[in-house]
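Below you'll find the structure, written out as structure tokens, and then a few comments.
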Amino acid sequence: MTTFVTRPYDPNAANVLTTAGYLPPVARALSARGIRSPEDLNETWSGMLAPDLLTGIDRAAERLLAARTRGERVTIVADYDCDGATACAVGIRGLRALGLSVDYFVPDRVRHGYGLTTTIVDLLVSRPNPPQVILTVDNGISSAEAVRHAATLGIDVVITDHHLPADDTPPAVAIVNPNQRGCGFPSKSLAGVGVIFYVLLALRARLRDAGAFTAQTQPRLNELVDLVALGTVADVVKLDKNNRILVSQGLKRIREGRTHPGIAALFSVARCSMGNASARDFGFRIGPRINAAGRLATMEYGIECLLTDDPDRARHYAEALNQINQERRELEEEMQHAADLAVAAADIEHVHALSLLDDSFSEGVVGLVASRIKEKVHRPTIAFARTAEGELKGSGRSIPGIHLRDMLDLVSKIEPGLILRFGGHAMAAGLTIREESYERFGRAFEAGVAEPADPAVFERNVLIDGGLAPDEISERLCQTLERGIWGQGFEAPLFANDFRVVRQTVLKDAHLKLSLELGGQRFEGIFFRRNAPLLTASRLAYRPTINEFNGRRLIQLLVEAVES
């Protein structure tokens with residue numbers, strides 16, 4: 001069952017915003033997200049939180065300053081997603097601008113796994129120019145063993161991360177992570193790329209104090225904010241005010257044409273307009289092309305695309321990323337078909353959790369499949385793929401009310417030895433089990449989710465921002481929504497109305513193309529990833545958008561849910 005729930009909003013705040021010039025539907029939606037006045041939407045640099053609020057940032061800056069003074073080599077160890085790739089590019093560009101010798105290493109998802117490991121430390125030591133300092137970006141907080149191993153080899157480790165810490169704190173020279181114990185940084189939602197950006201700001205301040213630069217001659221680190229914005233949105237972190245400032249400033253540079261060649265090339269191959277760049281472009285068009293490299297190939301493609309200053313070279317990498325993303329989409333469609341068949345055979349009304357395994361499942365894409373199935377059936381879902389070692393690697397996605405990482409921890413305690421490795425957070429987690437343990441795990445996972453859960457958890461509640469009058473669905477509203485800084489924790493407004501479905505056709509066996517009537521007016525609509533027909537009278541949740549096709553601009557309602 002899907003139920004629409006209207007977000008409560010503050011009428012007084014909405015009136016203030018309307019008086020200031022905001023459209024009434026936008027004003028109501030903003031007030032429902034805690035905005036009380038136009039000043040709350042001030043997204044200038046002056047509103048950004050200060051670097052010295054981050055615990056450990058002084059020690060990190062000191063060690064990097066020492067590396068510069070001594071001429072030591074710094075190697076960045078990155079993650080293989082878009083946040084990790086942008087964090088790596090920001091770190092490389094920023095440290096080189098500040099006078100450090102720096103290179104990078106990005107693990108292979110299949111061969112190396114996630115994060116800094118003892119194996120990776122040994123690989124770095126065997127290089128012709130081994131590092132004296134390892135700098136992690138978007139990982140490291142769970143790498144205590146690797147940090148200890150590096151220390152025995154005389155290598156210092158500086159960790160920059162944003163993930164939740166494990167019980168075993170790494171004995172690093174410095175840890176910068178807003179989520180580490182004892183850190184009072186107000187924005188716990190800073191992405192990995194945001195953390196390294198802050199470290200660069202602190203290092204630049206140290207160098208300025210030491211006389212290496214003046215305020216006039218110092219490197220302009222704000223030129224990196226387009227990369228920071230992309231990684232922040234792509235990692236789906238909460239867009240609190242500090243993150244909205246970073247995203248807003250990054251989009252501003254892109255819209256003004258002052259972006260890096262790699263981002264410009266990615267906008268080009270994705271057929272997105274840089275002049276109208278939006279956070280949605282980051283999340284649905286640009287980020288997935290970079291993430292695809294980490295899933296099916298090597299993230300070096302993504303990092304090199306973001307590092308090069310040569311437009312032709314950037315275009316080469318962007319086209320390669322575009323091709324890899326197309327392969328990812330085709331593979332995902334094949335896997336999705338197999339997953340849909342498995343779901344169709346399940347008694348969803350009496351199942352609380354899903355475990356899926358199929359020969360077509362690929363290790364790099366199972367997380368996307370789990371996410372799609374979770375959205376479809378509103379159940380915690382884990383999709384598994386076989387590995388060359390004869391194990392099963394799973395990637396899971398959850399629903400509000402079911403903390404996935406804690407659920408895996410519970411299963412591991414009830415069934416010792418069942419799960420070989422696991423990690424993650426509330427809404428997403430990964431794990432490894434033996435292939436012969438698959439059915440046993442499925443039973444344990446189902447039992448673990450079913451026992452403590454409130455039945456209401458398994459009913460989908462969709463938050464909406466009320467309805468719109470037909471004349472409120474305008475091009476101006478669409479443009480206002482398109483240019484807003486929306487994302488996780490600051491979701492784009494979602495409206496709902498009772499429509500008459502005039503016409504519906506299925507596109508590519510996967511999507512509904514709609515003609516909808518509201519108050520005597522007709523609107524075109526699209527309902528992605530749904531091919532089941534709607535009732536003639538349907539209550540739909542939607543976002544008004546502009547659809548540009550063959551030089552024509554038409555309002556299109558992007559339908560996200562139907563109440564049932």
Side-chain angles (χ1 to χ4, degrees), residues 34-36 39-66 76 83-84 86-87 90-91 94-95 97-98 135-142 157-166 169-210 213 215 218-225 227-229 231-233 235-250 425 485 487-490:
I35 302 300
R36 296 288 173 264
E39 289 71 30
D40 291 339
L41 295 168
N42 180 4
E43 290 155 355
T44 61
W45 284 112
S46 61
M48 198 174 82
L49 296 168
D52 58 13
L53 296 175
L54 275 163
T55 298
I57 201 167
D58 288 340
R59 291 190 296 276
E62 287 170 6
R63 185 60 188 92
L64 294 172
L65 177 60
I76 290 176
D83 187 16
T86 53
V90 166
L95 290 176
L98 294 171
L135 172 64
T136 71
V137 295
D138 194 31
N139 74 94
I141 197 64
S142 300
V157 179
V158 175
I159 292 172
T160 70
D161 201 351
H162 69 124
H163 295 99
L164 295 175
T169 301
V173 170
I175 298 176
V176 187
N177 181 341
N179 290 300
Q180 69 178 304
R181 299 173 187 87
C183 182
F185 192 71
S187 174
K188 301 300 181 183
S189 302
L190 199 63
V193 67
V195 177
I196 185 61
F197 182 65
Y198 265 87
V199 170
L200 293 174
L201 294 175
L203 175 59
R204 186 181 66 176
R206 287 298 181 96
L207 287 166
R208 195 170 55 238
D209 292 344
F213 309 113
Q218 68 183 0
R220 303 301 172 187
L221 296 179
N222 64 310
E223 295 176 358
L224 302 173
V225 74
L227 299 169
V228 178
T232 297
V233 174
D235 210 46
V236 203
V237 294
K238 180 181 178 182
L239 289 190
D240 58 17
K241 182 171 184 179
N242 201 61
N243 280 337
R244 293 203 307 276
I245 290 172
L246 294 171
V247 173
S248 176
Q249 291 297 325
H425 49 83
I485 309 300
Q488 182 71 19
F490 201 79

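Between the side chains of H163 and N179, not a single donor N or O lies within less than 3.5 Å of an accepting N or O.
The nearest pair of heavy atoms linking P165 to Q180 is CG-CA, 4.3 Å. Considering every non-hydrogen atom in both R208 and Q218, the closest pair reads NH1-OE1, 2.6 Å. Closest approach of N139 and D161 over heavy atoms only: C-OD2, 3.1 Å. Between A60 and A174, the shortest heavy-atom contact is N-CB, 3.4 Å. Nearest heavy atom pair, residue A97 against residue F213, reads O-CZ, 4.3 Å. Scanning both residues, D40 and K241, for their nearest heavy atoms gives O-CE, 3.9 Å.
A distance of 8.0 Å separates NE2 of H162 from CG of N177, quoted to the nearest 0.5 Å. Summarising the geometry, atom CG belonging to D138 is positioned 8.0 Å from atom OG1 belonging to T160; distances are rounded to the nearest 0.5 Å. Taking CG from L246 and CE from M48, the interatomic distance works out to 6.0 Å, rounded to the nearest 0.5 Å. Once rounded to the nearest 0.5 Å, the distance linking CG of L64 with CG of L203 reads 5.5 Å. Summarising the geometry, atom CD1 belonging to I159 is positioned 5.0 Å from atom OG1 belonging to T136; distances are rounded to the nearest 0.5 Å. From I485, atom CD1 reaches atom CD of Q249 across 9.5 Å, with rounding to the nearest 0.5 Å.
Counting heavy atoms from C-beta on, the side chains of W45 and V225 come closer than 4.5 Å. Using a 4.5 Å heavy-atom threshold, the side chains of T232 and L239 count as touching. Side-chain contact between N243 and K238 is absent, with no heavy atoms from C-beta onward closer than 4.5 Å.
The stretch residues 52-64 participates, sequence neighbours left out, in these salt bridge (charged side-chain N to carboxylate O under 4.0 Å, His left out) pairs: D58-R206, E62-R206, R63-E72, R63-D156.
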Going by atom type alone, with no hydrogens or angles, which donor-acceptor pairs under 3.5 Å involve a side-chain atom of residues 184-200 and a protein atom two or more places apart or on another chain?
from, atom 1, to, atom 2, distance (Å)
S187, OG, D240, OD2, 2.6
K188, NZ, P178, O, 2.8
K188, NZ, C183, O, 2.4
K188, NZ, F185, O, 3.4
Y198, OH, L49, O, 2.8
Y198, OH, N242, OD1, 3.4
Y198, OH, N242, ND2, 3.1

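In this structure, R204 contributes its side chain and P219 its backbone to a donor-acceptor pair below 3.5 Å.
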